[in-house]
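As structure tokens, the structure follows; a few thoughts come after it.
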Amino acid sequence: MSEFDVIARYFSSLGAGRRVELSVGDDAAALSVPPDSELIVSTDSSVLGTHFTDDTFSEHVGYKAVASAASDLAAMGAEPLAMTLGLTMPSVDDLWLHGLSQGLAQACRHYALPLVGGDTTRGPLALTVTVMGFCPRGQKLLRSGAHVGDRVCVSGTLGDAAFGLSLVQGKHRGIDIDFDAQEYLVNRLSFPLARIDLGIALRGLATSCIDVSDGLLQDASHIANASGCRLVIHQDAIPLSTPLIEAAGDRHALQLALTGGEDYELLFTLPADCDIPDGTVVIGSVEAGEGVDCGLTLEETGYDHFH
Ligand code: ADP
Ligand code: MG
């Protein structure tokens, strides 16, 4: 099968959208962006051996590549516009490509991100997804605006994907963990939810925002550094799911929330007089100084152990 057959069979049907003027098939795509908005662009790569293995379902690879890129749009407060896909693969594997296109299609519909172009080349298996979104001019959310006195908030629950990863890696074989809990935790890893609607709702309210892709401590430190302040996090306030606590126990669950990655929740700061959005909780406050304080030593966070 030629490169063109691969594109026609697996990718060219996902390209229609309200703002798509020209999709797959020409030298470039054309998109219309609402007047007085800024184009927001982010790229994420997924590489065999680093982000997924030979055992990972290609459907999950496709879905997650888009969802993790979409999460960067959420963190900017952007509305999804379109995406492109750079695909490198050693040979044409129809079964794998079929799964990939199913996962892409699911994410493309869910996030309203039509696939408007890309590049298909031969080489070691890797995907690069570039997502584009838009925001009214001046309203994008940055990492850099947190003020002393703001509250630190986070959506959803943290640590689930990290435990899901250790389950997939077979690290808990022989240990009795409830099947429904396992299913929930692995799903949190394989089908992360980018918080697009929350990001949009935070425009004009949040003083800073980031998506939690590298663990709460790491991502909180990005806000602290960019904003020139200190983030104080109350460990008891960190939202943990019941399945995670059941599977991992309180202490390990907290460690995973602090240092595990790929939760794709939003971490943001809000002025003291703002209502807390549904589905989010206050976990701390912004103070003068630098860095992140969660009341634990580096060793107690399990940081050394997981990195
Ligand atoms: P060119 O040589 O002009 O770069 P290509 O032959 O690489 O064009 O691609 C043909 C068309 O198919 C282009 O519109 C391109 O954007 C699209 N395309 C190529 N690979 C992919 C892919 N993996 N996913 C979606 N569209 C793709
Ligand atoms: Mg090309």
Side-chain angles (χ1 to χ4, degrees), residues 1-34 37-74 76 78-134 190-194 196 211 213 262 264:
M1 204 189 303
S2 77
E3 172 195 341
F4 303 106
D5 295 333
V6 168
I7 297 165
R9 181 173 296 186
Y10 297 109
F11 303 122
S12 57
S13 67
L14 308 177
R18 192 153 72 96
R19 302 181 191 281
V20 180
E21 305 295 340
L22 183 64
S23 196
V24 170
D26 215 303
D27 290 315
L31 307 167
S32 56
V33 185
S37 53
E38 293 177 51
L39 184 65
I40 310 288
V41 181
S42 178
T43 290
D44 264 316
S45 292
S46 307
V47 177
L48 175 65
T50 306
H51 301 93
F52 61 94
T53 70
D54 283 323
D55 295 334
T56 316
F57 291 122
S58 55
E59 187 186 342
H60 296 183
V61 173
Y63 183 89
K64 190 164 173 175
V66 177
S68 60
S71 177
D72 287 320
L73 293 180
M76 299 297 291
E79 183 173 329
L81 179 64
M83 63 176 165
T84 60
L85 169 67
L87 178 62
T88 307
M89 49 192 184
S91 60
V92 174
D93 177 341
D94 269 306
L95 211 57
W96 195 89
L97 279 166
H98 180 72
L100 180 77
S101 72
Q102 297 282 306
L104 289 170
Q106 200 183 341
C108 157
R109 279 193 303 273
H110 188 268
Y111 294 110
L113 280 169
L115 178 62
V116 298
D119 202 20
T120 305
T121 51
R122 198 176 289 273
L125 190 60
L127 287 80
T128 296
V129 172
T130 298
V131 288
M132 287 152 278
F134 59 93
S190 304
F191 293 102
L193 199 65
I196 297 286
D211 64 321
S213 54
E262 302 198 308
Y264 299 110

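Both counts, for ligands and for their atoms, begin at 1 and track the order of listing.
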Taking the non-hydrogen atoms of F4, is any one of them nearer than 4.0 angstrom to ligand 1?
yes
Nearest heavy-atom neighbours spanning P80 and A112
CB-O, 3.7 Å
D26: numbered ligand 1 atoms lying under 4.0 Å from its heavy atoms:
13 (C), 14 (O)
Look at atom 17 (C) of ligand 1 and find which of L22, L87, V24 reaches it with the closest heavy atom.
V24
Near E3, which atoms of ligand 1 are under 4.0 Å from a heavy atom of that residue?
5 (P), 6 (O), 7 (O)
Does a donor on one side chain sit under 3.5 Å from an acceptor on the other, for E21 and S32?
yes
Please indicate whether any nitrogen or oxygen in V116 is less than 3.5 Å from any nitrogen or oxygen in ligand 1.
no
Quick note on ligand 1: atoms under 4.0 Å from a heavy atom of D27 include exactly 3 (O)
Which of the atoms of ligand 1 are close to G25, meaning less than 4.0 Å from one of its heavy atoms?
11 (C), 13 (C), 14 (O)
Would you call the rings of F191 and H60 parallel, tilted or perpendicular, where under 30° means parallel and over 60° means perpendicular?
perpendicular
Using the test salt bridge (charged side-chain N to carboxylate O under 4.0 Å, His left out), find all partners of D93 that sit at least two apart in sequence or belong to another chain.
none
Neighbour count above 12 (heavy atom, 6.0 Å) for D26 CG:
yes
Backbone N/O of D5 and side chain of S2: donor-acceptor pair under 3.5 Å:
yes
Test of proximity, D119 against ligand 1: N or O pairs below 3.5 Å:
yes
Using modelled atom types and a 3.5 Å cut-off, is there a donor and acceptor pairing between side-chain atoms of H51 and backbone atoms of V47?
yes
For F11, the ligand 1 atoms with a heavy-atom partner under 4.0 Å come out as 22 (C), 23 (N), 24 (N), 25 (C)
Which residues share a salt bridge (charged side-chain N to carboxylate O under 4.0 Å, His left out) with E79, sequence neighbours left out:
none
Give the single entry among T120, I7, T84 that approaches atom 9 (O) of ligand 1 most closely by any heavy atom.
I7
For ligand 1, which atoms, with element, lie under 4.0 Å from some heavy atom of G117?
16 (O), 24 (N), 25 (C), 26 (N), 27 (C)
